[in-house]
Amino acid sequence: METFDWKNMPFGYVKTDYNVRCYYRNGKWGELEISSSEYINIHMAATCLHYGQEAFEGLKAFRGKDGKIRVFRSGDNAKRMHDSAEGIRMAAVPAALFKKAVFTAVNLNERHVPPYGFGASLYIRPLLIGSGAEVGVKPAKEYLFIVFVTPVGPYFKEGFKPIDVLVCRGYDRAAPLGTGCYKVGGNYAASLASLELANNQGFSTSLYLDPKEKKYIDEAGPANFFGIKNNCYITPESRSILPSITNMCIQQLSKDIGLKVERRPVLLDELSTFEEVGECGTAAVITPIRKIVDPDTNKIYEYCLDGKPGPVSTRLYNKLIAIQNGDEPDPYGWVEFV
Ligand SMILES: Cc1ncc(COP(=O)(O)O)c(C=O)c1O
């Protein structure tokens with residue numbers, strides 16, 4: 001096994017041994033190819049470069065105490081990438097090809113899967129791009145699907161510690177009827193200015209409001225938002241947020257511990273009524289929020305006053321990572337062995 005300072009792994013790119021690739025040409029997908037190059041050779045008129053025909057995914061593999069490698073909910077990422085592809089008119093990757101590519105990439109880079117017990121995992125990044133040349137605005141006729149992997153630590157250097165978030169009204173990551181519900185690069189490009197604004201003022205990330213009325217909460221940076229009050233787990237429903245697979249897990253785990261679950265529009269004003277709030281995603285796992293600052297109204301919403309994550313968030317976090325690492329049974333079939 002590769003040796004790193006596993007305890008202090010950043011969430012960043014580390015070269016691994018292989019990636020896998022598959023080309024879509026003449027209306028069909030070809031054979032999966034294995035590559036040891038980190039580079040792609042691409043036509044300068046490829047639609048991904050000019051018109052943003054690009055979608056990606058993010059999922060993780062974990063090494064358990066038993067040494068076995070577990071890939072988490074890859075079928076749901078395959079579905080979401082399918083939706084993203086259709087959303088921006090790209091050739092969709094069939095679920096079986098997606099799975100084969102993910103499992104092959106993990107297998108080939110087995111020595112880069114972090115050992116159990118350090119909070120590190122193997123991040124898997126499937127990527128689909130329009131590779132065919134076009135000059136007019138239209139979908140490409142050729143596509144490239146790649147899966148690469150890289151070992152990572154926690155997304156926020158704090159780990160499972162509360163972060164501070166800045167409400168962002170000056171920028172939207174997606175339009176009301178735009179591509180916010182797809183995992184496409186343009187949404188992330190649109191988020192960089194507000195992220196920089198938040199980071200420059202000492203905040204970990206920005207909180208996006210609904211792009212139409214700016215009254216409801218959409219997302220917290222590259223993660224979904226949730227709040228907890230009166231034994232209820234509440235998470236926003238909106239046309240412009242990405243359907244988070246982690247959020248789906250947490251909704252189920254919340255029901256399992258006897259919470260009610262509500263997925264509905266969440267007014268920004270409701271922030272003052274929550275007992276705990278946080279964000280969730282593959283990279284963020286569950287990240288509790290300590291403070292949300294709204295610079296336009298001068299309101300400050302504070303949680304975790306003792307500096308520690310709230311009890312419900314902690315319980316949900318522990319349960320989720322226990323299933324991912326294989327420490328607790330997986331009653332929902334979320335985990336697949338490599
Ligand atoms: C914008 C956005 N929202 C939410 C999420 C969380 O989704 P998931 O839990 O599937 O990783 C992500 C990360 O994938 C994201 O980029």
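Order of listing sets the numbers, starting from 1, for every ligand and every atom in it. Values in this document were obtained by computation on a predicted structure and should not be read as measured data.
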Can you spot which of Lys99, Lys68, Arg70 makes a salt bridge (charged side-chain N to carboxylate O under 4.0 Å, His left out) with Glu336?
Lys99
Neighbouring protein residues of ligand 1 - any heavy atom closer than 4.0 Å:
Arg80, Arg173, Lys183, Tyr188, Glu219, Pro222, Ala223, Asn224, Leu242, Ser244, Ile245, Thr246, Cys280, Gly281, Thr282
Contacts under 3.5 angstrom, residues 113-122 side chains, donor-acceptor by atom type, not counting sequence neighbours:
residue	atom	partner	partner atom	Å
Tyr116	OH	Asp327	OD1	3.1
Tyr116	OH	Asp327	OD2	2.9

Hey, can you pull the donor-acceptor pairs under 3.5 Å for the side chains in residues 308-315, sequence neighbours left out?
residue	atom	partner	partner atom	Å
Ser313	OG	Glu276	OE1	2.6
Thr314	OG1	Gly310	O	2.6

Taking the six-membered ring for Trp, is the centroid-to-centroid distance between Tyr23 and Tyr143 below 6.0 Å?
no
Is NZ or CZ of Lys60 both nearer than 6.0 Å to the six-membered ring centre of Tyr123 and within 45° of the ring axis?
no
Ring pair (Phe, Tyr, Trp, His ring centres under 6.0 Å) with Tyr208: which residues, sequence neighbours excluded?
none
